[in-house]
Protein chains: 2
Amino acid sequence: MKLEVQIKMNETLYLRDPEQSELGRNIIKHSIQLIQKTGFESFTFKKLAEAIGTTEAGIYRYFENKHKLLVYIISWYWGWLEFQIGYQTKNINDPITKLQQVIKLLATTVEDDIMTSHVDESLLHQIIIAEGSKAYLTKHVSEDNKQQYFKPYKDLCKTVGDIILECNANYPYPHSLASTIVEVAHLQNFFMHNLPALTDFDKTKKEDQIINFLNHLVFSSINK
Amino acid sequence: MKLEVQIKMNETLYLRDPEQSELGRNIIKHSIQLIQKTGFESFTFKKLAEAIGTTEAGIYRYFENKHKLLVYIISWYWGWLEFQIGYQTKNINDPITKLQQVIKLLATTVEDDIMTSHVDESLLHQIIIAEGSKAYLTKHVSEDNKQQYFKPYKDLCKTVGDIILECNANYPYPHSLASTIVEVAHLQNFFMHNLPALTDFDKTKKEDQIINFLNHLVFSSINK
DNA sequence: TACAAATGATAGTAATACTATTATTTTTGT
DNA sequence: ACAAAAATAATAGTATTACTATCATTTGTA
């Protein structure tokens, strides 16, 4: 028997559920490949349609516009990561060890998860790093937020914030520290690869250094 | 006598120096207003030309495209901020007080600086918060970096990193902590106003809480 | 005054971000 | 197995964007 993980998505993000058809799953699969490869700015529904072998109008039946598609795949990633965190910290009782594990999961290059056949998580991870903040850095962020587009991201930060409070119930900034951990994990990764003067890391040693930096930052702050 | 601060800009960012003509200064002034008001995505040279009372072709004589114009005004801001930091920390000898002052300057809403008549720094500060990372989150970041487009930003982080080392010469992550401070100051501001679940701050109390959070984070880490 | 440089006015092109229409294929309910 | 419904493919069309090109006019400067 083949197990497939399904991430429940916000229904207002799409016009037709892409999980429910071959074309839909192809849209997800190829948009991840194309956005990762060419960047979100030069990604168009026309190019996507060509890559899939369908037409532009075909894509528009699933997604209103490319921004909603970006928000969809990014939300999917946060939902998947939350699942991973739940799974990988299940039997850890010590909150400090748990938080270390979360930092590791956030900062480490993801491997493709065979439980999700049409999504390549390692490509998606790179999209999160380079395009993640574009999901919310818009003039319509408040309306999008009302539509609950950022719920998976906020849920993830809530989970991280709760672990922080388990470590120290008196820590005064659990939400801000949680969102800072998530964002900095990805920012430092981007800087390490593209603007190395902004980090102390070299890409040969990979993400270990980012993990060490985040651990140092987070635990000195929590245990102050 | 009227004093004007001039920020030296990278000459490959523009086709014609906008500081040297009335039209050029108008391009800067109105692009700041327009980008802040409508967001970078819906900002076009056509709308800018209409706002100024010139033509699209007129703008293209100064800037190759809207991305370079964005990088220009953002770089200008970092250059101006570096000047401010130098000025406002000139007579501070204690590196801890100096770093606190830098954090305050980074996190506080900027007031319009009368020394720069065609630039409204408070609008520019809002652009940095909402659009700043779009300057480098592109597929051409490495070429842009080779052209030194991010030098003012990197110089600023270097300045902050050096102050961190003055506080603790053994601190292992001065560059990463510096870029983290700069980015988190703006991110938390954005979250506070637009995605409040991601912070512990309420916008009524303004930036003081962000400053407290950053101080707590930075100094517990440096003095560990 | 005269010459160059900057600006303005206008036009044009390829690509983008869609919407609409109709034909064809696939699914599904009976 | 068959009709109806739903999904997809094929095609066309529009407004806007992101430019480039040309030429006339204004402005500043030797």
Side-chain angles (χ1 to χ4, degrees), chain A residues 9 11-31 34-35 37-73 118 131 134-135 138-140 143-144, chain B residues 9 11-31 34-35 37-73 118 131 134-135 138-140 143-144:
Chain A
M9 298 298 295
E11 291 177 14
T12 61
L13 272 173
Y14 50 75
L15 300 169
R16 206 196 292 299
D17 186 352
E19 301 271 359
Q20 301 306 320
S21 73
E22 197 58 36
L23 178 58
R25 288 185 290 271
N26 263 323
I27 289 173
I28 301 308
K29 182 178 183 170
H30 286 90
S31 63
L34 212 59
I35 292 172
K37 198 169 154 195
T38 65
F40 184 63
E41 277 69 42
S42 65
F43 166 78
T44 69
F45 277 5
K46 184 139 191 250
K47 289 177 193 166
L48 177 60
E50 272 159 31
I52 298 173
T54 183
T55 58
E56 228 182 324
I59 317 286
Y60 277 105
R61 265 184 239 113
Y62 283 82
F63 290 97
E64 253 180 271
N65 53 56
K66 71 172 187 169
H67 186 258
K68 286 205 178 180
L69 175 50
L70 180 72
V71 173
Y72 180 95
I73 63 172
H118 63 290
E131 325 283 354
K134 294 173 193 171
T138 68
K139 274 285 155 183
H140 45 91
E143 295 102 83
D144 288 359
Chain B
M9 298 298 296
E11 290 177 15
T12 61
L13 273 173
Y14 51 75
L15 300 169
R16 208 197 291 302
D17 185 355
E19 302 270 1
Q20 301 305 319
S21 73
E22 196 58 35
L23 177 58
R25 288 184 291 270
N26 262 323
I27 289 172
I28 302 308
K29 181 178 183 170
H30 286 90
S31 62
L34 213 58
I35 292 172
K37 197 170 153 193
T38 64
F40 184 62
E41 277 69 40
S42 64
F43 167 77
T44 69
F45 277 6
K46 183 139 191 249
K47 289 177 193 167
L48 177 60
E50 272 160 28
I52 297 172
T54 182
T55 59
E56 230 183 323
I59 317 285
Y60 277 104
R61 273 189 218 107
Y62 282 82
F63 290 97
E64 254 179 272
N65 54 55
K66 70 173 187 169
H67 186 258
K68 287 206 178 179
L69 175 50
L70 180 72
V71 173
Y72 180 95
I73 63 171
H118 62 292
E131 325 283 354
K134 295 173 191 170
T138 67
K139 275 284 156 184
H140 46 91
E143 296 102 82
D144 287 359

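Proteins get letters first, then strands, A, B, ... in listed order; numbering begins at 1 in each.
Rounded to whole Å, the distance from CD1 on A:Ile59 to C1' on C:dT16 is 15 Å. For the pair A:Asn26 CG and D:dA7 P, the computed distance is 17 Å after rounding to whole Å. Here the P atom of nucleotide D:dA6 and the CG atom of A:Asp17 are 17 Å apart, to the nearest Å. Straight-line distance from the CZ atom of A:Phe63 to the P atom of C:dT19: 15 Å, rounded to whole Å. When the P atom of C:dA6 is taken as reference, atom OH of B:Tyr14 falls 13 Å away, rounded to whole Å. The nearest whole Å value for the distance from the CD atom in B:Glu22 to the P atom in C:dG8 is 11 Å. Atom CD1 of B:Ile52 and atom P of C:dA6 are 17 Å apart (whole Å). Distance CD (A:Glu50) to C1' (D:dT11): 15 Å, rounded to an integer number of Å.
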TODO: Starting from the C-alpha separation in whole Å, work towards a yes-or-no answer on side chain to side chain contact (heavy atoms under 4.5 Å, CB included) for B:Thr54 and B:Asn26.
DONE: CA-CA 10 Å; B:Thr54 182; B:Asn26 262 323; over 6 Å; no
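Residue A:Arg16 has its side chain nearest to D:dT8 when only C:dG8, D:dT8, D:dT17 are considered.
With sequence neighbours excluded, no residue forms a salt bridge (Lys or Arg N to Asp or Glu O under 4.0 Å) with A:Arg16. By the side chain to side chain contact (heavy atoms under 4.5 Å, CB included) test, A:Glu19 pairs with A:Gln6, A:Asp17, A:Tyr72, A:Trp76, A:His118, sequence neighbours left out.
A parallel orientation is assigned to the rings of B:Phe43 and B:Phe40, their planes being inclined by less than 30° (bins at 30° and 60°).
Of the possible polar contacts, one joining the A:Ser31 side chain to the A:Ile28 backbone as a donor-acceptor pair under 3.5 Å is found. A side-chain donor-acceptor contact under 3.5 Å links A:Lys66 to the backbone of A:Glu41. Proximity of a side-chain donor or acceptor of A:Lys68 to a complementary backbone N or O of A:Leu15 within less than 3.5 Å is not detected.
Comparing B:Gly58 and A:Lys47, the nucleotide of DNA chain C nearest to each residue sits closer to the 5' end for B:Gly58.
Distances shown here put every side-chain N or O of B:Thr55 at or beyond 4.0 Å from the OP1 or OP2 atom of C:dA9. Under 4.0 angstrom from either OP1 or OP2 of D:dA7 there lies no side-chain N or O belonging to A:Tyr62. Taking only side-chain nitrogens and oxygens, A:Ser21 comes nearer than 4.0 Å to OP1 or OP2 of D:dT8.
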Each nucleotide of nucleotides 18-30 of chain D classed B (base within 4.0 Å of a protein heavy atom), S (only sugar-phosphate) or -, in 5' to 3' order, makes BBBB---------
